[in-house]
2 protein chains.
Amino acid sequence: MKGVTIGDVAAASGVSPTTVSHVFSGRRPINATTRQHVEEVARRLGYRPNGVAQSLRTRRTNTVMVVVPDITNPFYPDFARGVQDVVGPAGYHCLFCNTDAREAEELALLEVAMSRRLDGLIFNGFRVPDSELLPVTEAGLAVVNLGSVPLPDSTIDSVCFENPPAIAEATRFLVERYGPSIAFIYAEAEARVGKVRRAGFEEACRELGVRLGPDDVVLTEFTRDGGVEGMRRLLDRPDPPRSVQCANDMIAFGAMDVARERGLRIPEDVAIVGFDDVFPATLVSPRLTTVRTDARRFGAEAGRLLLSRMTGEYDGAGRHVVIPHELVVRESA
Amino acid sequence: MKGVTIGDVAAASGVSPTTVSHVFSGRRPINATTRQHVEEVARRLGYRPNGVAQSLRTRRTNTVMVVVPDITNPFYPDFARGVQDVVGPAGYHCLFCNTDAREAEELALLEVAMSRRLDGLIFNGFRVPDSELLPVTEAGLAVVNLGSVPLPDSTIDSVCFENPPAIAEATRFLVERYGPSIAFIYAEAEARVGKVRRAGFEEACRELGVRLGPDDVVLTEFTRDGGVEGMRRLLDRPDPPRSVQCANDMIAFGAMDVARERGLRIPEDVAIVGFDDVFPATLVSPRLTTVRTDARRFGAEAGRLLLSRMTGEYDGAGRHVVIPHELVVRESA
DNA sequence: CTGTTAGCGCTTTCAT
DNA sequence: ATGAAAGCGCTAACAG
């Protein structure tokens, strides 16, 4: 345990704490000789500013938190890199946190963000209602939410993809190419992402006149294992679907695992499409047809919104930005 | 900006700040009626403990930082999950930070960890010498380092794989199966990982009597793009190697991209092996032969060491734990 | 260019 | 079972 405080440095160099403080912060002119001397003494004593005390005084931390549901899904690390790309150069540190899509974790991290007086929060919540973010803005943090419905009357910015149209486009493609025997594997039925992607799929089917049976929409997890499980259920049916739309790429990878394990050819026997265009999509064979949502750009956009609030450049009502998506047709469908 | 402090709550409920504090911390018995009343008032006022002030007093944050070079390489998210798996249930929050393998970032994050008085640090540094971790322990943090050489006379624990033997085993496999025409693609020549993996490769070659030419060891980045670049250099030679050992899976994926793009069959024309056994290794086709190092378990082990120090259960000299590895032969070699 | 003073919001002896 | 008072280490008025 170091015990060297600004006072120790001040005493040892014969100046006031204020001067030492200013030597470090550069917030007011200091005589060059004094400065050198103080710096020298500080180094010798091994002085290290106490950021906690600084924050208590200044109410700033130069730190932002990025909360994601599953750091293990390559979409989120890419997203995180996107925000770091923009807030890092502006002098903010990025802390990434993983909730495992558990409500308790989500809530706990909101508390941490407020309690530690972070400057900003980029939140991708699955379980917690958006309204939980209100206290966070009230606590003085800049916040940007990932999600399609901006919270009215708030100063919370949001970023999203047009989920329903994006899924719908893929679904249309699948039906046109492989006919009406189609199924959907998704996850998080209670969460916005889940709902909204399912809605996109069902809406497209309705428009195309495709009748969905009760087994055509299967609920699982947003992981490769989830995809395995979902696909098994589909392929165990007496009338397995000709094509399957997955709510994200991880699910699609699992689905492909099962198809392969059963000796089915993709797309000749089953066509599969994913969502996200995560990097392994071009690794898997056949390469995955999916909807590109450009995680990194998504993150960068979120970072820009956050930054503009933290710097005070903007402080009006919540803004909403929609990131474009694109169906990228490869070989799996 | 909320302004509700413990004092406000105290005033509004007619008790002392001390009592309010104890109501929240539970660190001393409080009359049930008083407690209820205080809690009620606190809720009504929207009181939220200020974690920064708490930390300034208590010198604890219940927070640990995990620093990794590239959050975009699936190895690290898995590793991070491993540490979260063990320290999370013990009541610590995990902050993941990405350095991009840049020295300035590594240093900056060490400063943040010390300055914010975090309780623990798990550090995977590429550029910064291990000795930079000494001040961190002196600042009172528990620290575990990822790397094969424990820092003597320190209280820094370390976790590692036996890199040279692991690479050597793979190399031996390659040479026995495909002969002496072998090359190595790696990265971070100046960093420990880089050095140590290269050493493993060269050592194995020496033992096997394989003569390495100057172009047989190529230096690039630890990414898929790095693999692309490295493999191109290899395949542009008049005498391309029969097999290539890659220093991690991301490089191997890039190498496979190039082989495929040039119409080479894997492993019939070039055999490729990776290192890490990251999840896409079983997605790519042919599936990647690689050295499994079990990132999640690795992280969990690091977490356990850290935890035992943070709880005070252990506080002796630096421990060193070696995680087993295993060559998993799939189809790419 | 430098110093004095007063807290930031909380926890913790030490009393009662 | 409860309070009063003293800081944790730092910065920001306000003086010179």
Side-chain angles (χ1 to χ4, degrees), chain A residues 1-39 41-42 45-63 111-112 114-119 139-140, chain B residues 1-39 41-42 45-63 111-112 114-119 139-140:
Chain A
M1 245 0 140
K2 274 283 180 41
V4 189
T5 77
I6 213 171
D8 300 334
V9 177
S13 43
V15 299
S16 74
T18 309
T19 298
V20 178
S21 171
H22 284 101
V23 164
F24 280 87
S25 71
R27 296 183 55 61
R28 90 182 181 191
I30 299 280
N31 177 299
T33 327
T34 315
R35 138 165 287 128
Q36 266 194 330
H37 180 224
V38 170
E39 278 169 348
V41 170
L45 262 43
Y47 168 69
R48 237 168 250 295
N50 181 328
V52 176
Q54 289 176 318
S55 294
L56 182 58
R57 244 343 287 240
T58 62
R59 306 165 158 290
R60 311 202 70 251
T61 51
N62 297 310
T63 301
E111 276 298 331
V112 171
M114 288 187 278
S115 151
R116 300 245 87 84
R117 295 299 191 263
L118 302 189
D119 296 331
Chain B
M1 248 349 146
K2 273 283 180 39
V4 188
T5 78
I6 213 170
D8 299 335
V9 177
S13 44
V15 299
S16 73
T18 311
T19 298
V20 179
S21 171
H22 287 302
V23 165
F24 281 87
S25 71
R27 295 182 56 60
R28 90 182 181 189
I30 298 280
N31 177 298
T33 327
T34 315
R35 138 165 287 127
Q36 266 193 330
H37 180 225
V38 170
E39 278 168 348
V41 170
L45 262 43
Y47 168 70
R48 237 168 251 296
N50 181 329
V52 176
Q54 288 177 318
S55 294
L56 181 58
R57 253 330 298 237
T58 63
R59 305 164 159 289
R60 310 203 70 250
T61 51
N62 297 309
T63 300
E111 277 297 332
V112 171
M114 289 186 278
S115 152
R116 300 244 86 84
R117 295 300 192 261
L118 302 189
D119 296 331

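Residue numbers begin at 1 in each chain, while the letters A, B, ... track the order of the sequences.
Remark: A/R48 is not in phosphate contact with D/dG9, judged by side-chain N or O atoms under 4.0 Å from OP1 or OP2. Considering only side-chain N and O atoms, B/Q54 lies under 4.0 angstrom from the phosphate OP1 or OP2 of C/dT11. Of the side-chain N and O atoms in B/R117, none sit less than 4.0 angstrom from OP1 or OP2 of D/dC8. Distances shown here put every side-chain N or O of B/R59 at or beyond 4.0 Å from the OP1 or OP2 atom of D/dC8.
Looking at heavy atoms from C-beta onward, B/R116 lies in side-chain contact with A/S55 at the 4.5 angstrom threshold. For the pair A/T19 and A/S16, the minimum side-chain heavy-atom distance is below 4.5 Å. Annotation: side chain of B/T5 is not in contact with side chain of B/N50 (no heavy-atom distance under 4.5 Å).
Applying the salt bridge (Lys or Arg N to Asp or Glu O under 4.0 Å) rule to A/R60 yields the partners A/D119; only residues at least two apart in sequence or on another chain are considered.
Taking OG1 from A/T61 and CG from A/L56, the interatomic distance works out to 12.5 Å, rounded to the nearest 0.5 Å.
Between the CZ atom of A/R57 and the P atom of D/dC10 there is a distance of 13 Å, rounded to whole Å. Straight-line distance from the CZ atom of B/R27 to the C1' atom of C/dC10: 13 Å, rounded to whole Å. Between B/I6 atom CD1 and C/dC8 atom P the separation is 14 Å, expressed in whole Å. In this structure, the CZ atom of B/R60 is 19 Å from the P atom of C/dC10, given to the nearest Å. Atom CG of B/L56 and atom C1' of C/dC8 are 9 Å apart (whole Å).
Using a 4.0 Å heavy-atom cutoff across all strands shown, B/Y47 reaches sugar-phosphate atoms only and no base atom.
Note on residues 28-39 of chain B: pairs passing salt bridge (charged side-chain N to carboxylate O under 4.0 Å, His left out), not counting sequence neighbours, are B/R35-B/E39.
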Pairs under 3.5 angstrom, nitrogen or oxygen only, protein versus nucleotides 2-4 of chain D, please.
{"residue": "D/dT2", "atom": "OP1", "partner": "B/T34", "partner atom": "OG1", "Å": "2.7"}
{"residue": "D/dT2", "atom": "OP2", "partner": "B/N31", "partner atom": "N", "Å": "2.8"}
{"residue": "D/dT2", "atom": "O4", "partner": "B/R28", "partner atom": "NH1", "Å": "3.4"}
{"residue": "D/dG3", "atom": "OP2", "partner": "B/S16", "partner atom": "N", "Å": "2.8"}
{"residue": "D/dG3", "atom": "OP2", "partner": "B/S16", "partner atom": "OG", "Å": "3.1"}
{"residue": "D/dG3", "atom": "OP2", "partner": "B/T19", "partner atom": "OG1", "Å": "2.7"}
{"residue": "D/dG3", "atom": "N7", "partner": "B/R28", "partner atom": "NH2", "Å": "2.9"}
{"residue": "D/dG3", "atom": "O6", "partner": "B/R28", "partner atom": "NH1", "Å": "2.7"}
{"residue": "D/dG3", "atom": "O6", "partner": "B/R28", "partner atom": "NH2", "Å": "3.4"}
{"residue": "D/dA4", "atom": "N7", "partner": "B/T18", "partner atom": "OG1", "Å": "3.4"}
{"residue": "D/dA4", "atom": "N6", "partner": "B/T18", "partner atom": "OG1", "Å": "2.9"}

